[in-house]
S.K.: 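Below is a structure I'd like to ask you about.
Residue numbering restarts at 1 for every chain, and letters A, B, ... go by the order of the sequence lines.
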Number of protein chains: 2
Amino acid sequence: MVRKVLIIGANASGVEAAASARKKDRTAEITLITEEKNAGYSRCGLPFVIGGQIQNFKDLVVYPPAFFQMLKLNLRLETKATAINAREKTVTALTKEGIPELFPYDSLVIATGAYSFMPSIKGKEKTGILSLRDMEDGEKIDAVVNGGAKTAVIMGAGLIGLELGVGLIERGLKVTVVEMLPQVLPQLLDGDMAKMVQQHLEEKGMRILLNRSVEEFLGEEKVTAIKASGEIYEADLFISAFGVRANTKLAVEAGIQLGESLGIKTNARMETEEKDVYAVGDCAEATNIIIHKPMCPQLGTVAVRQGKVAGANAAGSYSLFSGVLASAVTRLFEIEAGNTGLTETAAKRNGMEVVTGSISSKTKADYFPGAKPIKVKLVVEKESQRIIGAQVIGGEEVTQRINCLSFAIQQCMTVRELAKADTAYAPPLCETWEPMVLAAEIVLMKLR
Amino acid sequence: MVRKVLIIGANASGVEAAASARKKDRTAEITLITEEKNAGYSRCGLPFVIGGQIQNFKDLVVYPPAFFQMLKLNLRLETKATAINAREKTVTALTKEGIPELFPYDSLVIATGAYSFMPSIKGKEKTGILSLRDMEDGEKIDAVVNGGAKTAVIMGAGLIGLELGVGLIERGLKVTVVEMLPQVLPQLLDGDMAKMVQQHLEEKGMRILLNRSVEEFLGEEKVTAIKASGEIYEADLFISAFGVRANTKLAVEAGIQLGESLGIKTNARMETEEKDVYAVGDCAEATNIIIHKPMCPQLGTVAVRQGKVAGANAAGSYSLFSGVLASAVTRLFEIEAGNTGLTETAAKRNGMEVVTGSISSKTKADYFPGAKPIKVKLVVEKESQRIIGAQVIGGEEVTQRINCLSFAIQQCMTVRELAKADTAYAPPLCETWEPMVLAAEIVLMKLR
């Protein structure tokens with residue numbers, strides 16, 4: 001009998017699940033349904049189309065129709081799943097024409113993603129507040145910019161808020177970012193590291209207002225200003241970047257259990273509490289490798305890794321997801337910033353006793369022209385002396401240092417081992433003493 | 001009683017040993033003697049002065065006189081150690097003026113480095129064959145280039161030969177590299193990976209002749225041509241880059257034992273077979289972490305790591321050296337190439353059964369402008385499935401990937417663990433699926 005694999009959602013995790021299922025089962029009937037007009041594109045690339053580095057939104061399509069045809073994947077665009085019946089093993093959906101359709105499945109993968117979260121702010125029903133989640137959102141923002149917008153207010157200084165802010169500045173807008181917390185990138189960085197990023201953004205002309213809560217959207221039908229901590233900020237463009245939340249409505253209505261982080265609860269096979277139903281990507285929980293607690297990292301890398309595991313399992317194979325460190329990185333103008341594992345703040349919030357060490361160095365030999373500054377911060381659990389987190393900010397060569405430290409954490413490297421590590425060196429490429437190693441030295445001095 | 005720490009050699013490993021000894025013993029009398037006119041400079045930077053990226057040879061001085069003064073290190077330039085008396089615990093040396101001087105010590109660190117090796121080739125006593133080991137060598141080459149040299153023949157396609165070759169091409173010379181082996185960078189890369197480097201160099205105008213042995217130096221007193229595998233190659237400048245050998249003469253004459261790789265034999269404290277005598281840097285052996293055999297990696301990073309350990313021990317403290325993977329990296333025109341651990345060739349030479357996997361990818365998201373090619377090759381031990389070596393070649397972001405894989409090897413990561421690793425991603429900085437992870441997938445497919 002031909003296995004029916006049904007996937008709700010057709011971006012990072014959904015497509016990966018489909019491709020993975022196809023690898024394990026050549027004859028399965030694999031169907032992806034998505035309410036979006038586009039599938040298989042990179043959400044993470046949206047800010048760079050706004051910024052103009054990438055010409056068209058369509059350029060973000062990583063998996064074109066030919067890919068789906070080649071793998072014999074049945075892709076149904078503009079088809080909105082409306083209900084999951086886990087007992088009957090069916091999903092009902094509304095087609096583009098508004099016609100209900102029943103999709104039976106043997107295995108179901110929920111890859112419904114996340115949505116832009118809007119807090120209950122006075123006036124939030126007014127029009128003119130945009131967010132950046134999908135391609136159509138991007139097109140709307142682009143249209144406002146092309147329409148002559150001169151100023152923008154972005155609410156939220158997380159990754160999406162700042163990346164979009166950079167893009168809008170590159171398009172010539174004056175950008176103000178309003179953030180409730182006392183720092184930018186609160187999920188990614190500790191306050192001390194975030195200051196470096198903030199300073200760079202301010203030097204590039206971004207106005208950043210911290211410790212300000214948005215209290216009201218002002219204007220008639222359309223928002224023309226916001227009130228934040230008593231002050232009024234007018235603009236031509238308003239972006240809601242308060243954060244994203246797991247899109248779990250379908251799952252909840254089907255009685256599928258959520259976890260404590262409010263994503264869909266999953267086991268190591270990415271299976272939900274409901275048999276033969278898997279959940280992956282931004283809507284699904286994953287276990288943090290360090291604290292062994294579920295979390296919703298909502299990152300592209302996690303989405304594809306989960307998709308691959310769930311797709312294999314959905315096709316009758318056996319695959320385990322190894323958990324997350326939520327390693328992430330971003331480029332903002334000429335600065336790159338990344339994190340892996342726990343920030344100092346997150347570690348303390350989880351009751352861990354930590355010792356940290358930071359070092360500022362350069363990305364090439366000191367005497368080599370063009371060396372850029374780089375700063376590494378390590379977070380080390382005091383009792384085990386294991387590295388549990390790391391942040392890196394610099395002008396270049398940040399991403400793979402995050403990966404280095406991610407590998408170190410995953411392999412239980414102690415700070416002593418890092419201080420003695422064998423690293424590579426050449427004057428045009430790095431310093432003789434690798435900054436990660438020097439940061440370990442700093443921690444060791446504090447541990448003595 | 002004040003401890004006397006004596007160090008023969010005052011570059012990477014010697015200076016590091018001195019600084020490390022000072023950290024552990026504030027009152028010790030620490031003396032460095034070197035026959036060179038300059039101390040505390042970066043040898044690895046020499047090719048880039050020739051190339052013109054760095055203005056002056058003096059710019060390579062990483063530790064200026066003020067550094068030695070600050071740490072109260074007694075630096076004796078142009079002082080040539082002539083004999084070690086390990087029983088009496090003294091070193092005799094000749095000062096600049098040719099006066100013998102006796103240096104008593106409590107601890108001795110031998111950091112005599114390496115020398116450019118010249119095989120017994122007919123005519124090798126003739127003048128005009130230069131090499132690039134120290135600052136004065138660099139000045140000599142620079143003088144020949146400034147004197148109007150138009151063509152150069154470099155004998156040896158190792159790191160120094162190729163980096164210098166690039167520098168000379170950047171200065172406008174026509175460069176021919178003659179290599180005995182069938183590939184460039186035979187220590188660093190496997191043949192398949194070396195081909196990529198060779199192709200890039202050839203595109204940039206370097207003539208590379210493989211499988212050619214230099215048989216004779218031609219010319220009257222001064223070399224004007226070489227004969228290699230029967231062919232005659234004329235040039236204005238001849239560089240001997242056959243490789244370097246540990247400088248062990250002093251040690252051997254003092255009865256200090258060498259190891260099987262012909263470097264000075266050391267234990268994990270970097271101590272020689274002679275009590276209170278340590279050896280570090282290019283003249284000393286170190287244990288390879290994977291095969292547990294001594295080797296002479298002759299790399300700057302290894303030198304400073306060893307110097308730090310030996311300096312601490314020489315000052316009465318306790319420190320262990322953790323061994324080497326001999327991670328190394330180089331930039332040649334617009335390509336970066338690196339290795340950590342064993343190449344496939346080296347693994348097989350050591351009797352290991354390995355499975356390899358290579359993947360070509362890009363350094364940014366496929367749709368992001370400016371993405372450069374990158375190739376990762378993994379070498380995996382078949383029985384344990386542990387990663388034991390990795391090579392990376394690409395347009396950027398190579399060094400820290402080598403460090404990632406170096407950490408992976410040091411922490412005994414299996415290829416399965418790498419295939420499931422948590423990595424960081426952003427469109428301007430890398431691909432969603434990290435190439436190192438994809439290479440692990442390739443190996444896994446072969447293992448199944």
S.K.: Taking the side chain as everything from C-beta on, heavy atoms only, tell me whether A/K420 gets closer than 4.5 Å to B/K308.
M.R.: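 A side-chain contact is absent here, since even the closest heavy-atom pair is not under 4.5 Å.
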
S.K.: Is it the side chain or the backbone of A/A365 that comes within 4.5 Å of chain B heavy atoms, both, or neither?
M.R.: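 The answer is neither part of A/A365.
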
S.K.: Taking the side chain from A/D422 and the backbone from B/V324, do they hold a donor-acceptor pair closer than 3.5 Å?
M.R.: no

S.K.: Heavy-atom count check: over 12 atoms from other residues, nucleotides or ligands less than 6.0 Å from B/I160 CD1?
M.R.: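 Open: at most 12 neighbouring heavy atoms sit under 6.0 Å from CD1 of B/I160.
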
S.K.: Sort B/Q53 into side chain, backbone, both or neither according to what part of it lies under 4.5 angstrom from a heavy atom of chain A.
M.R.: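 Interface part for B/Q53: both.
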
S.K.: Answer with side chain, backbone, both or neither: which region of A/E441 has an atom nearer than 4.5 Å to a non-hydrogen atom of chain B?
M.R.: side chain

S.K.: So which residue, B/E396, B/E163, B/E417, ends up with the most heavy-atom pairs under 4.5 Å with chain A?
M.R.: B/E417

S.K.: Should we say atom CD of B/Q385 is surrounded by more than 12 heavy atoms from elsewhere, each under 6.0 Å from it?
M.R.: yes

S.K.: Considering only heavy atoms, give the residues of residues 423-436 of chain B separated from chain A by less than 4.5 Å, sorted numerically, with 'none' for an empty result.
M.R.: B/T423, B/A424, B/Y425, B/A426, B/P427, B/P428, B/L429, B/C430, B/T432, B/W433, B/E434, B/M436

S.K.: Side chain from CB out, backbone as N, CA, C, O: work out which of these in A/V437 comes under 4.5 Å of a heavy atom of chain B, or both, or neither.
M.R.: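 Neither part.
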
S.K.: Can you tell me how far apart CE (A/M413) and SG (B/C412) are? Round to the nearest 0.5 Å.
M.R.: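 Result: 10.0 Å between the selected atoms.
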
S.K.: If we define contacts as heavy-atom pairs under 4.5 Å, which of B/L405, B/T301, B/V398, B/I409 has the most with chain A?
M.R.: B/T301

S.K.: For A/L418, is it the side chain, the backbone, both or neither that has a heavy atom under 4.5 Å from a heavy atom of chain B?
M.R.: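 Contact with chain B is through the side chain of A/L418 alone.
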
S.K.: What's the separation between atom CG in B/D59 and atom CG in A/D366, rounded to the nearest 0.5 Å?
M.R.: 11.0 Å

S.K.: Counting only heavy atoms closer than 4.5 Å, note whether A/N403 contacts chain B via side chain, backbone, both or neither.
M.R.: both

S.K.: Heavy-atom distances under 4.5 Å only: say whether B/Q55 touches chain A with side chain, backbone, both or neither.
M.R.: neither

S.K.: What residues form a ring-ring contact (aromatic ring centres under 6.0 Å, His included) with A/F57, not counting sequence neighbours?
M.R.: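 Not a single residue meets the ring-ring contact (aromatic ring centres under 6.0 Å, His included) criterion with A/F57.
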
S.K.: Could you have a look at B/A12, B/S406, B/A421, B/G370 and say which one has the most heavy-atom pairs with chain A under 4.5 angstrom?
M.R.: B/A421

S.K.: Looking at A/G323, A/A326, A/A408, which one has more heavy-atom pairs under 4.5 Å with chain B than the rest?
M.R.: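 The candidate making the most pairs under 4.5 Å is A/A326.
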
S.K.: Between B/Q411 and A/F407, is there a donor-acceptor pair closer than 3.5 Å when you use the side chain of the first and the backbone of the second?
M.R.: no

S.K.: Pick from A/L325, A/L320, A/I289, A/V309: which one has the most heavy-atom pairs with chain B under 4.5 Å?
M.R.: A/L325

S.K.: Which bit of A/A303 is near chain B, if near means a heavy-atom gap under 4.5 Å: side chain, backbone, both or neither?
M.R.: neither

S.K.: For A/I402, which atoms come within 4.5 Å of any heavy atom of chain B: side chain, backbone, both, or neither?
M.R.: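 Side chain only.
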
S.K.: With a 4.5 angstrom heavy-atom cut-off, could you sort out which part of A/E397 is near chain B: side chain, backbone, both or neither?
M.R.: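 Backbone plus side chain of A/E397, per the 4.5 Å heavy-atom cut-off to chain B.
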
S.K.: Quick check on A/V61 against chain B: is it the side chain, the backbone, both or neither that has a heavy atom closer than 4.5 Å?
M.R.: neither

